[in-house]
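Each ligand, and each atom within it, is numbered from 1 in the order the structure gives.
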Amino acid sequence: MKRFGLIGHPLGHTLSPWIHRQLFSLMDCQASYDALDIPPEQLPSRRQELLSLDGFNVTIPHKQAIIPYLKGLNRRASLYGAVNTVCDGVGYNTDCLGFLQALAGGGISLSGKVAVLGAGGASRVFAMEAALAGCMVTIASRASSVEKARALALEVQEKVPGSQVSACDLDELKGPFDVLINGTPVGMFPHGDACPVNDTVIHGCGAVFDAIYNPTDTLLLRKAKAAGVKAVGGMPMLVWQAAKAQEIWLGTSFDSKDVDALVPQATEELMRTFGRHE
Ligand code: NAP
């Protein structure tokens, strides 16, 4: 029996164990997957315990803190300076793969003018991937953290030579954009009546991706759909980043139809766990 897990703090209710168990059964793999709530101060003393697992996922606040304990990083993890999957002591980042797969599955092309809302962990991945795809990227942060957005824009420009990346205040964001990507928690449960941008910005978008998966249909997505704008939520990204982690651990590939079929089931599981919020 192989042993896997997720480290983070606080973990609270997390869908990851449920998603991974479904994926293991698709692979006929006998494995356990447990949520390990590890406060930051315990990370050094629990290093050996973690590295004795067959693999583990990493979430907030350990995505950067885990790096000194690893043998190395793959290219994407090194680019982002953030790890969400560890295999044989090496750090990987499958959030980006989940994100790209979610866009592709929703028929959204990562091209043209792209707005990334927020400058935190998820937005770092979105901005970097958009720049790598050759997009013209605008990172928009609330007024109190525009400096953080500027720093991220500079970092992306340094890491992706030739990329065009700028930063602005979220309240001053002006379209049109081919793709708008929400990497802020605005609209997340229990604040489902909040939307990170105004209707004019939404109406000027070709497509919207919202990383939030609870609720699955955020106000931003609902407004986009009502305006005839293509809209994809965060659940496919969550399920696919888990599938990509297992592909690394097990050295195999999933049939994409099987993983896509898990997305609505994960939504049902979310509703069973948290109740219906939409
Ligand atoms: P994070 O590192 O804390 O970053 C959050 C970003 O949002 C920061 O730039 C923060 O700005 C900004 N923000 C927070 N509250 C805001 C507000 N009221 N108005 C405007 N901006 C605000 O978090 P994260 O890990 O990137 O996660 C962000 C979102 O993505 C969450 O909803 C998370 O659930 C989702 N996510 C989804 C997946 C998936 O697989 N679907 C994966 C990762 C993350 P400040 O610096 O000013 O606080």
- Note on the structure: Exactly one of I212, L15, L262 clears side-chain contact (heavy atoms from CB on, under 4.5 Å) with M235, and that residue is L15

- Taking the hydrophobic residues Ile, Leu, Val, Met, Phe, Trp and Tyr, and joining any pair whose side-chain heavy atoms are under 4.5 Å apart, which ones share a cluster with V90? Y92, I248

- Query: Hey, are Y33 and N57 close enough side-chain-wise for a donor-acceptor pair under 3.5 Å?
  - Reply: yes

- Residues in contact with ligand 1, criterion: heavy atom under 4.0 Å: I60, G118, A119, G120, G121, A122, R142, S145, K148, L170, G183, T184, P185, V186, M188, A211, I212, Y213, G234, M237, L238

- Message: Within the structure provided, determine whether F56 and V58 are in side-chain contact (heavy-atom separation under 4.5 Å).
- Response: yes

- First locate atom CG of L250, then atom CG of D28, and finally report the distance between them rounded to the nearest 0.5 Å. 11.5 Å

- Quick one: sort the F126 and F209 rings into parallel, tilted or perpendicular, breaks at 30° and 60°. perpendicular

